[in-house]
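The block underneath contains the structure these notes are about, expressed in structure tokens.
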Amino acid sequence: MTAPSLDAAAVTAADRTRLFQLVSVLLTYPDAELLGAGDELRGAAARIEHPRLRGQVEEFLAWLTGTAPIDVQQHYVQTFDLRRRSGLYLTYYLHGDTRRRGMALLVLKQRYRAHGLRLAAGELPDLLPVVLEFAATVGPGEGEAPLRQHRRGVELLRAALADLGTPYHLLLDAVTAVLPGLTDADRKAVAELALDGPPVESVGLDSLGPDSPGPDELGGVGLAPYPICPSSEVTR
């Protein structure tokens, strides 16, 4: 499924910051605090000036605040926690549970530290809400670099959510609309990853040093196998 195109140059830096900050919150688990903040969330969405981006977020919020909390929470778990293909950990899409993923996580962690960002205990640096918060806080250029570097992973997630028909796809459609477009090489790589999934061979990470993530931190425990999805989803 193809996301509608948008002239990213027409989106102001302030709108990018508002969008990334709000989506970073909306992609977290919908606990009582989040679900009880409907007025504040709608107010934040109203401050997004670009009409299409604002409309996508407001459409999502209409579902979020108009659905029974237990149903929203079950939907979130089923969407993000029980399916590898729609998990929120970006490095998994490209590297699976391999040494390369451990290196990618370490690079992200070091980038955050350089800007004074400290992760919560047990929080992985490739979690999309964290990556979006970093982009919103640091701004274009360095702040959005992780999103650009993991553009293929973001696209795989967007395509998976669109295929599932979940309202969460509205948020990913908005985010990808303001990111650099996919190159032909990106589209080919994304299509192949969508069909085959990421690498599955696990290797040791001990050589990465004391800051490297342990096996249990890689987000793969208890998840269902990576399913096949049609390559047509990722032609954009």
Side-chain angles (χ1 to χ4, degrees), residues 1-4 23-24 26-30 56 60 63-64 71-105 108 123-132 146-177 179-183 185-203 213 215-236:
M1 184 179 294
T2 303
V23 174
S24 75
L26 294 176
L27 285 176
T28 61
Y29 179 76
Q56 288 171 319
F60 173 81
W63 169 79
L64 184 75
D71 292 335
V72 172
Q73 291 168 344
Q74 289 177 348
H75 181 83
Y76 183 94
V77 171
Q78 290 168 355
T79 299
F80 296 116
D81 295 342
L82 300 181
R83 293 185 174 92
R84 284 186 185 269
R85 190 161 66 88
S86 54
L88 290 171
Y89 296 94
L90 295 182
T91 61
Y92 177 78
Y93 289 97
L94 300 185
H95 306 305
D97 291 338
T98 66
R99 185 183 303 275
R100 287 193 177 192
R101 186 181 180 203
M103 286 300 298
L105 290 171
L108 273 174
E123 190 173 51
L124 290 183
D126 66 335
L127 183 68
L128 183 53
V130 174
V131 176
L132 289 168
L147 283 171
R148 295 192 300 271
Q149 291 166 354
H150 294 280
R151 181 67 179 85
R152 294 176 182 179
V154 175
E155 178 61 21
L156 279 162
L157 175 57
R158 186 207 65 78
L161 296 179
D163 184 50
L164 289 171
T166 167
Y168 281 97
H169 87 83
L170 293 161
L171 302 179
L172 268 292
D173 281 354
V175 167
T176 56
L179 295 180
L182 297 173
T183 65
D186 287 334
R187 293 188 185 92
K188 183 175 184 292
V190 169
E192 290 172 353
L193 283 166
L195 288 171
D196 300 332
V200 295
E201 182 181 2
S202 295
V203 297
D216 291 340
E217 293 183 287
L218 293 179
V221 178
L223 295 176
Y226 194 99
I228 291 175
C229 73
S231 59
S232 60
E233 291 179 5
V234 293
T235 55
R236 188 179 177 192

Under 3.5 Å donor-acceptor, [X] side chain and [Y] backbone:
X: Y93; Y: G87; answer: yes
X: R83; Y: Q78; answer: yes
X: R151; Y: L179; answer: no
X: Q73; Y: P30; answer: yes

- Test log, rule side-chain contact (heavy atoms from CB on, under 4.5 Å), inputs R158 and D173: CA-CA 7 Å; R158 186 207 65 78; D173 281 354; 3.4 Å; yes
- Sequence-distant partners of Q149, side-chain contact (heavy atoms from CB on, under 4.5 Å), two or more places apart: R111, A145
- For A104, which residues count as a side-chain contact (heavy atoms from CB on, under 4.5 Å) partner, sequence neighbours excluded? T91, H95
- Item | Residues in side chain to side chain donor-acceptor pair (under 3.5 Å) contact with T166, at least two apart in sequence or another chain | H75
- Query: Looking at P125 and V131, what are the two nearest heavy atoms and their distance?
  - Reply: O-CG2, 3.5 Å
- Taking every heavy atom of L164 against every heavy atom of S86, the minimum-distance pair comes out as CD1-OG, 3.9 Å
- Task: Pick out which of R101, R84, R85 makes a side chain to side chain donor-acceptor pair (under 3.5 Å) with Y92.
- Result: R84
Distance (rounded to the nearest 0.5 Å) between [X] [atom1] and [Y] [atom2]:
X: D71; Y: W63; atom1: CG; atom2: CH2; answer: 9.0 Å
X: L161; Y: L172; atom1: CG; atom2: CG; answer: 5.0 Å
X: L108; Y: L127; atom1: CG; atom2: CG; answer: 11.0 Å
X: S24; Y: L128; atom1: OG; atom2: CG; answer: 9.0 Å
X: L88; Y: T79; atom1: CG; atom2: OG1; answer: 9.5 Å
X: F60; Y: L27; atom1: CZ; atom2: CG; answer: 7.0 Å

- Item | Test salt bridge (Lys or Arg N to Asp or Glu O under 4.0 Å) applied to R152 and E155, step by step | CA-CA 5 Å; R152 294 176 182 179; E155 178 61 21; over 6 Å; no
